[in-house]
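Each residue takes its place number in the sequence, starting with 1.
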Amino acid sequence: MNTPTFKEVQFTNGYEFTEGTGYTLPEYPFVKPPELVNNKTLRHAVVIVGGGITGLTLACALANLGIKAVLLDEDNTVGVKGASSRGICYTQKSLEIFNKLGIFDRIAKKGIQWSVGRTFAGDDEVYNFDLKQQSNFSLSEQPAFINIQQFYIEGFLVERIQELGSVDLRWQSRVKAFKQNKDFATLSVETPEGSYDIQADHVIDASGSHTPFHAWTGVTMESKKGDDRWCIADVRFDTRPPTERHTWIEAPFNENRAVWQHLMADDVWRIDYQMEPNADAAYISREDVVRERLERQFGKNVKVDIVWVGPYAYKSQCLNTLRMGRVFFMGDTAKIVNPFGARGGNTGVADADNLAWKLAAVLRGHADEALLESYNDERLEAAQENVKVTRRTARFLRPADGIERAFRNATISLAKQHPFARSLVNTGRMAVANTYRGSRICGDNGGVSVQNVKIQWRPGKTGALNDLLQWADGRLLILVFGKQTKASLKRLQELSLSGLPVRCVQVLTQGDHVQAREHVWDKQGRLQSACAAVPSGGWALIRPDGYLADTGKAINGELVGAVARSLGL
């Protein structure tokens, strides 16, 4: 048996360009920074390293809150120059975040919405789902998923950052050295016009899986390599397959190995083929070999334009902590997951949304520095969960001989005849907003994401929860449901005037009377349901990232305690 080697193919975000016309990506000019102009080291509150989807989401979220930051990226474009579309499936939670940041409409116009997934074993359909029918997706104004090439989202984020201001985007700026002390961090930056040093109170490493910050900070991790091999084919057809997520556990046209099929923007289909464990990367990505593979699946008469082809292998990896001194790790620097269920880029977007409001609260003086520790609580828990879930999928798709293979064979056989077994078929558990069970800033009823529910400002004027979060502008949002006593109204008024960063809104249903100037209508009770069905007279405390901090039945000291806890006080 040949011993698997990993030198031929880079992992996860290091796809190799091999064949096809590639993608045309925007290029951004290098602008000489003030440090080089004035030959002076300057201090910044936030420096973000890496201009991929995670770093750009953080930059955009900070800009949306009016927080100044610097972003350094060693390239002058988005995506991977001349190469792949990389991530393609964006979850409802990510789309809700992009809605807050002002780019959702651009994504929806360009991308492809889908909710139906079908899984096949041979010629038999063994499992299907429609996410629109599931309650954890059905309340939001955003769809369950949109497929779109990652570089489009990154380009939209750049456009939005430029519209908002506050963030200095520095292209062709490579960090070549780093050090930190108890007061600040120093980064040495290399550019086309010379090198300079920059100081930062907070450094966010979003530079990807090959980051040097792991070595520079000494952070430890748990890592596991697999020997699975895959080959992507991004293609256009003269006829269109169904706009659904189709997966094959055992595809007859791929030697009974797995296949994924997704439609993206520009009528480009992403098709992932599972290869032999010891497959030669150069051979499996040759154009003639790829065309033969496509013909086996779609027939010889289907005309295909190959946009891009690339082989890849992967590993799973998770840091033991997401903060080392002044450095925060997010996206692929925090964890690398097997590419199943869209749990890679989407969790990086959630990392960014989580940290952005906390940094803003601390820098504005609204919260204690201790609030930043909760980023590690929450997003490390999410990273560990996503690594665990995707490892299970990898084992189902390429089981070891023995009990794992016997389990898979039994599951497939039973799923063809019995509904109870179909949920055991594991071709990727689709990403959802992670729950924070161990967060120091969430109460017993908190730690869950609240969907972007539709509300009504007044007759004929509708909005959504995200509009309330935007109005709150980085503050905590207190929703009080239904009729309030005079004592409760007085306590809410005192809380609003206390200097704490909160905004209060009364949520009214059919038959309720307006008691507060800031009020919205939720006649169908959808917002109340999304907030874990808070009883009439009760409250829900929602964070700027759309997560529920806690709920309560009455306006009392518990609400004040929840506000303080949510701010790290």
Side-chain donor/acceptor pairs under 3.5 Å, residues 467-475, sequence neighbours excluded:
residue : atom : partner : partner atom : Å
Asp467  : OD2  : Ala464  : N            : 2.8
Gln470  : OE1  : Asn64   : ND2          : 3.0
Gln470  : NE2  : Lys100  : O            : 3.2
Arg475  : NH1  : Ala472  : O            : 3.3

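Using a 3.5 Å distance cut-off with no hydrogens or angles, the side chains of Asn386 and Thr347 do not pair a donor with an acceptor.
Applying the ring-ring contact (aromatic ring centres under 6.0 Å, His included) test to His366 and every residue at least two apart in sequence or in another chain returns nothing. Residues satisfying the ring-ring contact (aromatic ring centres under 6.0 Å, His included) test with Tyr547, not counting sequence neighbours, are Tyr436. For Asp377, the salt bridge (Lys or Arg N to Asp or Glu O under 4.0 Å) partners are Arg440, not counting sequence neighbours. Residues satisfying the ring-ring contact (aromatic ring centres under 6.0 Å, His included) test with Phe104, not counting sequence neighbours, are none. With sequence neighbours excluded, the residues that form a salt bridge (Lys or Arg N to Asp or Glu O under 4.0 Å) with Glu385 are Lys388. Among residues two or more places apart in sequence or in another chain, the ring-ring contact (aromatic ring centres under 6.0 Å, His included) test is passed with Trp260 by Trp230, Phe340. Looking at residues two or more places apart in sequence or on another chain, you find a side chain to side chain donor-acceptor pair (under 3.5 Å) between Asp550 and Arg565. In this structure Glu96 satisfies the salt bridge (Lys or Arg N to Asp or Glu O under 4.0 Å) test with no other residue, sequence neighbours excluded.
In this structure, Leu548 and Cys531 approach most closely via the heavy-atom pair CD2-O, 4.2 Å.
Sorted by first and then second residue, the side-chain hydrogen bond (donor to acceptor under 3.5 Å, both in side chains) pairs involving residues 42-61 (not counting sequence neighbours) are Glu35-His44, Arg43-Asp201. The salt bridge (Lys or Arg N to Asp or Glu O under 4.0 Å) analysis of residues 210-223, with sequence neighbours excluded, yields the pairs Glu222-Arg391. Residue pairs that meet the ring-ring contact (aromatic ring centres under 6.0 Å, His included) test with at least one member in residues 154-173, sequence neighbours left out, are Tyr28-Trp171.
Counting heavy-atom neighbours within 6.0 Å of Asn39 CG, excluding the residue itself, gives a total of 12 or less. Within 6.0 Å of CD on Glu74 lie no more than 12 heavy atoms contributed by other residues, nucleotides or ligands. Sparse packing is recorded around CG of Asp444, with 12 or fewer heavy atoms of other residues, nucleotides or ligands lying under 6.0 Å away.
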Item to complete: Begin from the C-alpha positions of Ile336 and Ser316 and carry the test side-chain contact (heavy atoms from CB on, under 4.5 Å) through to its verdict.
Response: CA-CA 5 Å; Ile336 302 170; Ser316 61; 5.9 Å; no
